[in-house]
Amino acid sequence: MTTMTEASVREFKMPDVGEGLTEAEILKWYVQPGDTVTDGQVVCEVETAKAAVELPIPYDGVVRELRFPEGTTVDVGTPIITVDVSGGAAPAEAAPVAPVAETPAEAPAAAAPAPQEAPSVGSGRQPVLVGYGVATTSTKRRPRKGPETPAAAAPAAPAAQALQSELNGHGGAPAAVDRPRPLAKPPVRKLAKDLGVDLAAVTPTGPEGIITREDVHAAAAPQQAPAPVEPAAPAPAARPAGVAAPAAVSYDGARETRIPVKGVRKATAQAMVGSAFTAPHVTEFVTVDVTRTMKLVDELKQDKDLQGLRVNPLLLIAKALLVAVKRNPGINASWDEAAQEIVLKHYVNLGIAAATPRGLIVPNIKDAHDKTLPQLAEALGELVATAREGKTSPAAMQGGTLTITNVGVFGVDTGTPILNPGESAILAVGAIKLQPWVHKGKVKPRQVTTLALSFDHRLVDGELGSKVLADVAAVLEQPKRLITWA
């Protein structure tokens, strides 16, 4: 049996991956005790209050212990995995993490932590994560709906092993298991986890037997529909974002279901309470004929300069808001409570509220004011695709100055949106519907929508807020103003 010396042990601690966050939940382990890991290899996926993040390990070695099972919320600075960097073989008795208890349990007793050491000299790489030095605090173990027992498999052929390692997000030697692990990339595995799909039961259609996103959606179809960022039709009765709908509801059984509030949903709840009770909100509304804008959208879809890009009403609404900000720069500001100052921003980081399986997030397009229409279309497409993959980074959600929330995709006419913390205004866009409208003195069917602008009344008065909303409406009514006002 290999004996580990203190000098050969490295304890990888839960880093602060989101600028001051205090905890993260372990969503998925990509390694098990006995696996060989290399510097930079992704070993697990964690969810913070802002996003899901994959954690690479900063040294080479053999995994000796996973300190916590999947589903555990761990404080920043707490060791989560122990690695022997001496190069010795893994001991035969190395065992996987024990499943989580059905009821809340005491915090697991961790082994005495080894002194923190720098990565070995000569590795040629520096740690890619921050937060190693945070003091260890108590760790909370939260219950899961049911334990997951990792299955084991017979060694696969060398070529299959290499493919498996690549899909698992690392290049280390695959762990011995009783049956081959389904081939799927980490984002696909996360999608399957969110939708409650067992990858072992999915029929792969990808090259070399790889499971694709479409395969997972097909397998999930009998159970539930995936939660899209921008559904094509009004959604059914609302349910909390980030919570998968049950396959069936029986009113003969349990009368209540309790859903833990954590991760993105917890952060959103705290932020909305803070925003609602610190910034004095005012909301104004305007109903506007957007028939010409809808015709322009159809024309732009055929434009060769926009081929392959995401062209929809939201693109022109975003451009209209940017034009309104240029004409009324005072709307693009924030309130500095400590200094009692208004901070005027000379750039626009345009936030787009997105409903994802993890909850509502607001990533933003950096320097949106400098982008051409094709560049803005490309940025919107990337933002939505990344949100759907569940890969929006914490950095993508920081530094926003203004936000658009498109409640119209759910068939909703309008709403009174709450400000994203630190921002001065948020524009809500309602459903675009064919309605009777007085046009050129006659009642005709026209494409109509309602816009709602909420703003912080400490720095935006009624005149400024009204001008911004009126300008957005004017551009959407006469989109040629995108040129004349630009």
> Would you indicate whether the side-chain heavy atoms of E25 and T72 approach each other to under 4.5 Å?
no

> So do P374 and L309 actually touch side chain to side chain, heavy atoms under 4.5 Å?
yes

> Could I get the full list of side-chain hydrogen bond (donor to acceptor under 3.5 Å, both in side chains) partners for T405, not counting sequence neighbours?
none

> Is any side-chain heavy atom of L315 closer than 4.5 Å to one of L373?
yes

> Hey, can you pull the donor-acceptor pairs under 3.5 Å for the side chains in residues 290-303, sequence neighbours left out?
unit_1, atom_1, unit_2, atom_2, d
T291, OG1, D289, OD1, 2.6
T291, OG1, R446, NE, 3.3
T291, OG1, Q447, N, 2.9
T293, OG1, L476, O, 2.5
D303, OD1, D305, N, 2.7

> Quick one: does V202's side chain get under 4.5 Å of V197's, heavy atoms only?
yes

> With sequence neighbours left out, what residues match N349 under side-chain hydrogen bond (donor to acceptor under 3.5 Å, both in side chains)?
none

> Kindly indicate whether the side chain of V83, heavy atoms from C-beta on, has any atom under 4.5 Å from the side chain of V62.
no

> Mind checking side chain to side chain contact (heavy atoms under 4.5 Å, CB included) for L383 and listing every partner two or more places apart, or none if nothing turns up?
I352, P363, I365

> Under the side chain to side chain contact (heavy atoms under 4.5 Å, CB included) rule, what do V74 and I26 come out as? Steps first, then yes or no, please.
CA-CA 7 Å; V74 181; I26 298 174; 4.0 Å; yes

> Yes or no on side chain to side chain contact (heavy atoms under 4.5 Å, CB included) for L27 and E70, after CA distance, side-chain angles and deciding distance?
CA-CA 5 Å; L27 293 179; E70 295 172 2; over 6 Å; no

> Compute whether any side-chain donor of one residue and acceptor of the other, for D35 and Q32, lie under 3.5 angstrom apart.
no

> For D413, give me all partners under side-chain hydrogen bond (donor to acceptor under 3.5 Å, both in side chains), at least two apart in sequence or on another chain.
K433

> Find out whether L55 and V46 are in side-chain contact, i.e. whether some heavy atom of one side chain is under 4.5 Å from a heavy atom of the other.
yes

> What is the distance from atom NZ of K319 to atom CG of L380, rounded to the nearest 0.5 Å?
11.0 Å

> Would you mind reporting whether H369 and V325 have side-chain heavy atoms less than 4.5 Å apart?
no

> Considering residues at least two apart in sequence or located in another chain, which fulfil the side-chain hydrogen bond (donor to acceptor under 3.5 Å, both in side chains) criterion with K371?
none

> Among V63, V42, V43, V31, find the one that has a side chain to side chain contact (heavy atoms under 4.5 Å, CB included) with I57.
V43

